[in-house]
Amino acid sequence: MSEIEKKQEYKRELGLADAALLVASGMIGSGIFIVSADVTRNVGSAGWLILVWLIGGFMTLIAAVSYGELSGMFPKSGGQYIYLKEAYNPLVAFVYGWSLFTVIQTGTIAAVCVSFFKFLAYFFPLFSEDLVAFRIGDSFTISPAQLSSIVLLFILTYINTKGVKLGKVIQKFFTGTKLISLLILIVFGFIFFKPEVWQANWTNPFHLQKLNPDGSFLQYTNTPAFWGAIASALVGTVISYDAWNNVTFVSDEIKNPKRNIGLSLLLGTAVVTIIYVSVNVMFTAVLTVEAIGTPEKDRVGIAAAQAIFGSSGTSIIALMILIASFGCANGMILSGARVYQSMAKDGLFFKKTAILNQHSVPANALWIQFFMAVILSLSGRYGNLLDMISFVVVLFYVITIAGIFVLRIKKPQHERPYRAFGYPFLPIIYILLGSAFCILLIIYKPTYTWPGLIIAGIGIPVFYIREKFSKPKTEDI
């Protein structure tokens with residue numbers, strides 16, 4: 001047995017409720033308070049706004065129940081990485097892990113941590129993203145929000161190196177708090193329902209049109225513009241719903257994983273979908289379509305809270321985003337490192353990241369993830385990268401769900417404690433919807449596709465270069 005194999009195994013500290021909260025926590029960040037502005041500018045109507053959120057939620061729910069079969073077959077830490085390796089080959093799995101490390105997971109962590117301080121600036125202006133803390137030349141500047149995000153990254157990473165139990169406590173508190181806060185916001189939104197606003201928004205709710213930043217509307221005059229608008233609108237919702245699969249990364253730390261991973265995916269994604277759609281319906285009850293699409297810095301949540309609570313609304317939403325961002329960042333830091341640890345066990349990542357520390361967590365993987373997130377935080381490019389990586393995120397979901405069909409052929413006798421709900425119809429529906437989304441982006445919004453493809457594609461030569469240099473040298477005879 002190697003030294004790595006002699007290290008402590010993961011401890012099963014997470015129950016069903018913990019796993020479901022991890023799903024919800026990873027999904028709910030600041031996006032729900034911001035993304036609807038961009039969606040509305042693309043679709044220009046209340047009906048299409050809700051429909052886009054419903055489509056994103058429907059796709060997420062189908063993917064989640066489909067992943068239930070894979071999680072039952074391979075209840076191992078690394079989740080989606082393991083599923084891709086088993087269904088296809090190490091190359092496909094590595095490219096996914098590479099994309100996760102270079103931007104998907106680390107970029108999201110960076111964006112969420114910076115977002116925390118952007119909204120903390122409402123209470124303490126010294127953290128503002130508009131201030132310059134450090135400058136190199138005329139073009140490269142670093143804001144206090146970016147610098148402070150590194151401190152938050154360090155604190156959360158350090159906490160998670162001390163064992164999953166402490167991280168679990170943080171998840172329960174912050175995820176529970178943000179779910180309750182969102183429910184309260186929804187309830188108060190409907191209490192302060194504005195009949196004239198509702199009637200204006202829902203008189204002709206499915207008239208697809210472009211909303212300009214000045215509040216004027218522009219009619220789409222051709223089919224490419226129509227489908228391009230829908231694809232662009234879906235980008236934001238896809239990112240907002242993303243990270244639901246993070247619970248599969250920590251499979252070895254979940255009690256009764258063959259049962260609880262699939263259930264947690266269903267429960268977590270269902271709850272978040274209901275909340276997301278309800279929040280957006282509430283937006284249409286207190287804000288006109290023009291107001292939803294043109295708030296300052298896209299902060300539609302703040303505009304809605306001001307319509308409900310008056311001047312105190314800004315502080316209320318800022319506090320909610322702080323809670324959401326903190327919990328989201330912690331959940332993603334906790335889960336992402338497990339993928340790199342699984343890759344290292346297969347010889348596909350830095351060797352030392354395979355080792356668990358005395359608290360049975362991959363501390364080295366956590367710190368490497370920290371440094372990558374810091375680089376992205378300082379670069380200031382994480383927001384653009386996340387928009388552009390949505391194509392790759394959905395593409396890997398499609399490939400993974402297609403893996404269910406592959407594994408039914410390759411491993412028909414493998415134990416399946418849970419079979420994909422609605423098989424083969426629901427998985428096929430997701431593959432069709434996800435593929436359509438990717439094709440639409442390729443055709444009508446290429447700027448959302450090529451950067452992500454390039455980042456993922458770089459992983460292919462990296463895989464083969466690593467293979468070449470990691471092969472043991474043959475001794476001369």
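Bear in mind the structure is a predicted one, so any value in this text is a computation, not a measurement. Note that the numbering runs from 1 along the sequence shown for the chain.
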Checklist entry - Does the distance from a Lys or Arg side-chain N to an Asp or Glu carboxylate O, for K255 and E13, drop under 4.0 Å? => result no
Checklist entry - Is there side-chain contact between V398 and Y430, with heavy atoms separated by less than 4.5 Å? => result yes
Item to check | L14 CG to K172 NZ distance, which is reported to the nearest 0.5 Å | outcome: 9.0 Å
Next on the checklist: Please find the pair of heavy atoms, one from C113 and one from A329, that lie closest to each other, and give the distance.
Outcome noted: SG-CB, 3.9 Å
Checklist entry - Where do T102 and M372 come nearest, in terms of heavy atoms and distance? => result O-CE, 3.4 Å
Item to check | Main-chain N/O of A111 paired to S115 side chain as donor or acceptor, under 3.5 Å | outcome: no
Checklist outcome for this item: On a heavy-atom basis, the closest approach of S232 and D38 is O-OD2, 4.3 Å
Item to check | Criterion salt bridge (Lys or Arg N to Asp or Glu O under 4.0 Å) on K411 and E86, from CA distance to verdict | outcome: CA-CA 10 Å; K411 301 186 177 185; E86 295 288 346; 2.5 Å; yes
Checklist entry - Taking the six-membered ring of F405, is NZ or CZ of R408 closer than 6.0 Å to its centre and within 45° of its axis? => result no
Next on the checklist: Determine whether a donor-acceptor pair (N or O, by modelled atom type, separation under 3.5 Å) exists between the side chain of D252 and the backbone of Y10.
Outcome noted: no
Checklist entry - Which atom names give the shortest non-hydrogen contact between M73 and R416, and what distance separates them? => result CE-NH2, 3.5 Å
Item to check | Closest heavy-atom pair and its distance - L426, I62 | outcome: O-CG2, 3.1 Å
Next on the checklist: Please determine whether the number of non-hydrogen atoms from other residues, nucleotides or ligands lying under 6.0 Å from atom CZ of F371 exceeds 12.
Outcome noted: no
Checklist entry - What's the shortest heavy-atom distance between A354 and Q341, and which atoms? => result O-NE2, 2.9 Å
Next on the checklist: Check R41 with D298, please: is the shortest side-chain N to carboxylate O separation under 4.0 Å?
Outcome noted: yes
Checklist outcome for this item: One should read off an interatomic distance between S149 OG and Q146 CD, to the nearest 0.5 angstrom, of 7.0 Å
Checklist entry - What distance separates I375 CD1 from S379 OG, expressed to the nearest 0.5 Å? => result 9.0 Å
Checklist entry - Hey, does the side chain of S264 reach the backbone of I261 with a donor-acceptor pair shorter than 3.5 angstrom? => result yes
Checklist entry - Should the ring pair F349 and Y340 be called parallel, tilted or perpendicular, given that the plane angle runs from 0 to 90° and is split at 30 and 60? => result parallel
Next on the checklist: Checking L378 against I142 for the side chain to side chain contact (heavy atoms under 4.5 Å, CB included) test, could you report, in this order, the C-alpha distance in whole Å, the side-chain angles of both residues, the deciding distance, and whether it holds?
Outcome noted: CA-CA 7 Å; L378 294 177; I142 298 174; 3.9 Å; yes
Checklist entry - For the residue pair F370 and W367, does the interplanar ring angle fall in the parallel (under 30°), tilted (30 to 60°) or perpendicular (over 60°) class? => result perpendicular
Next on the checklist: Please report the interatomic distance OG1(T175) to CD1(I28), rounded to the nearest 0.5 Å.
Outcome noted: 7.5 Å
Checklist entry - Mind checking whether W53 and Y276 have parallel, tilted or perpendicular rings, split at 30° and 60°? => result perpendicular
Checklist entry - Can you check whether L322's main-chain N or O pairs, donor with acceptor, with S325's side chain at less than 3.5 Å? => result no
Checklist entry - Mind checking whether F326 and F116 have parallel, tilted or perpendicular rings, split at 30° and 60°? => result tilted
Checklist entry - Roughly how far, to the nearest 0.5 Å, is the CG atom of L263 from the CG atom of L16? => result 5.5 Å
Checklist entry - Using the ring of each side chain (for Trp, its six-membered ring), is Y67 parallel, tilted or perpendicular to Y83, with breaks at 30° and 60°? => result perpendicular
Next on the checklist: Side chains of N330 and S25, heavy atoms from C-beta outward: is any pair under 4.5 Å?
Outcome noted: no
Item to check | Side chain R338, main chain S77, donor-acceptor under 3.5 Å | outcome: no
Checklist entry - Hey, are E415 and K258 close enough for a salt bridge, meaning a charged N less than 4.0 Å from a carboxylate O? => result yes
Next on the checklist: Do E69 and P417 make a side-chain contact, defined as non-hydrogen atoms from C-beta onward lying under 4.5 Å apart?
Outcome noted: no
Checklist entry - Could you state the interatomic distance from OG1 (T60) to CZ (F58), rounded to the nearest 0.5 Å? => result 10.5 Å
Item to check | Pair Y220 and F226, ring centroids less than 6.0 Å apart | outcome: no
